[in-house]
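One structure is given here, and the rest of the page talks about it.
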Amino acid sequence: MPEEARSIGYICPVCGQAVIASRTAFQLCAGDSALPCPCGKSELRFTQLGDRCEVTVPCLLCARDHTAVCSNDGMLTQKLLALSCPKSGLGCCYIGEEGPVFRAMEQLEQAVDKLRADDEGERRGAFLNDGVMAEVLAELKDVAQRGGVSCGCGSTDYGVKVGYAAVDVVCAACGAALRLPAATADDLDALCARYTITIPGRKE
């Protein structure tokens with residue numbers, strides 16, 4: 001039985017092309033590795049830390065590298081693991097099943113194309129997509145009004161941090177946060193399909 005592969009994607013900050021590759025569980029967990037862009041000027045790096053993995057992503061959105069630590073189990077089993085740029089709120093790396101990764105990368109490329117167009121027209125606003133952000137905030141308010149926002153720690157008190165392309169719902173009790181993308185129409189559709197919003201909760 002062939003070993004199930006995981007798809008990995010990011011956008012090269014140097015040449016701007018999407019880099020998507022497939023790796024087996026063994027390739028990801030056997031030791032340190034890298035996923036270079038064909039242009040040879042950037043690479044996504046994996047550094048093994050026992051049962052966890054440090055992922056270093058070159059970010060097109062802010063021209064800096066971002067580092068995140070995730071469990072090997074999560075990296076190998078989640079349908080879609082998204083690493084985000086803290087400055088823009090947009091995803092900068094996706095790891096998971098082939099279909100979800102390709103769809104997420106398509107959405108990221110659409111968002112990046114809009115950013116480039118806005119920059120060329122010198123019309124970048126407070127949000128990547130003002131209309132989508134307004135609708136996401138309105139939908140979040142509707143969910144909250146029916147008591148649909150809660151945290152895994154048991155609290156129902158929360159705050160909202162609005163970013164350029166995402167909204168963070170933050171538990172007032174334990175400080176855990178859930179990021180809701182707010183860049184594309186697909187992000188809005190995904191939120192509208194949710195009857196409740198559950199912040200994962202911070203583990204001790």
Side-chain angles (χ1 to χ4, degrees), residues 6 9 49-55 57 59 61-62 64 66-97 99-101 103-108 110-111 114-115 124-204:
R6 306 296 284 168
L49 306 169
D51 62 349
R52 297 174 301 150
C53 182
E54 182 180 88
V55 186
V57 187
C59 181
L61 303 158
C62 68
R64 294 185 176 184
H66 299 308
T67 300
V69 176
C70 54
S71 70
N72 284 330
D73 182 62
M75 190 167 62
L76 299 179
T77 60
Q78 287 193 29
K79 184 174 288 187
L80 182 68
L81 181 65
L83 306 180
S84 300
C85 167
K87 186 174 181 181
S88 69
L90 287 170
C92 58
C93 171
Y94 298 100
I95 303 169
E97 296 176 5
V101 167
R103 286 192 292 274
M105 287 297 293
E106 286 175 0
Q107 291 181 35
L108 177 57
Q110 291 173 12
K114 185 180 187 306
L115 270 175
R124 187 184 290 198
F127 306 114
L128 177 63
N129 189 317
D130 292 347
V132 167
M133 179 61 78
E135 292 289 342
V136 164
L137 290 172
E139 183 64 24
L140 177 57
K141 184 178 179 182
D142 288 345
V143 174
Q145 285 178 339
R146 58 176 180 257
V149 180
S150 62
C151 180
C153 76
S155 175
T156 56
D157 294 328
Y158 70 95
V160 173
K161 291 170 64 177
V162 180
Y164 182 61
V167 176
D168 288 337
V169 185
V170 184
C171 175
C174 73
L178 176 69
R179 174 158 286 178
L180 302 173
T184 67
D186 286 340
D187 293 335
L188 177 59
D189 290 344
L191 179 58
C192 290
R194 299 170 71 156
Y195 188 76
T196 61
I197 294 172
T198 303
I199 303 166
R202 183 166 288 171
K203 295 178 181 178
E204 295 298 331

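If you're wondering where the values come from, they're calculated on a predicted model, not measured in any experiment.
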Side-chain heavy-atom pair [X], [Y] within 4.5 angstrom cut-off:
X    : Y    : answer
V101 : R6   : no
R194 : V143 : no
L191 : I197 : yes
S150 : T196 : no
I95  : Q78  : no

Interatomic distance, [X] atom [atom1] to [Y] atom [atom2] [nearest 0.5 angstrom]:
X    : Y    : atom1 : atom2 : value
Q145 : L140 : CD    : CG    : 10.0 Å
L137 : L188 : CG    : CG    : 10.5 Å
T184 : Q107 : OG1   : CD    : 4.0 Å
R103 : D186 : CZ    : CG    : 10.0 Å
E135 : D187 : CD    : CG    : 13.0 Å

> Applying salt bridge (charged side-chain N to carboxylate O under 4.0 Å, His left out), which residue pairs with at least one partner in residues 67-79 are found, sequence neighbours left out?
Replying inline: none

>> Quick test of your reading: applying salt bridge (charged side-chain N to carboxylate O under 4.0 Å, His left out), list the pairs with at least one residue in residues 137-164, sequence neighbours left out, ordered by first then second residue.
In response: none

>> Once side-chain contact (heavy atoms from CB on, under 4.5 Å) is applied, do any residues pair with A173, and if so which ones, sequence neighbours excluded?
In response: C153, S155, C171

> Residues two or more places apart in sequence or in another chain: which of them pass side-chain contact (heavy atoms from CB on, under 4.5 Å) with A104?
Replying inline: L80, Y94

>> Going by the rule side chain to side chain donor-acceptor pair (under 3.5 Å), which residues pair with N72 if we only count those two or more places apart in sequence or in a different chain?
In response: Q48

> Who are the side chain to side chain donor-acceptor pair (under 3.5 Å) partners of R179, not counting sequence neighbours?
Replying inline: D168

>> Tell me the closest heavy-atom pair linking V160 and Y158, and the distance in Å.
In response: CG2-CE1, 3.7 Å

> Is it true that atom CZ of R52 has more than 12 heavy atoms of other residues, nucleotides or ligands lying nearer than 6.0 Å?
Replying inline: no

> Picking from S84, C85, C93, what satisfies side-chain contact (heavy atoms from CB on, under 4.5 Å) with H66?
Replying inline: C85

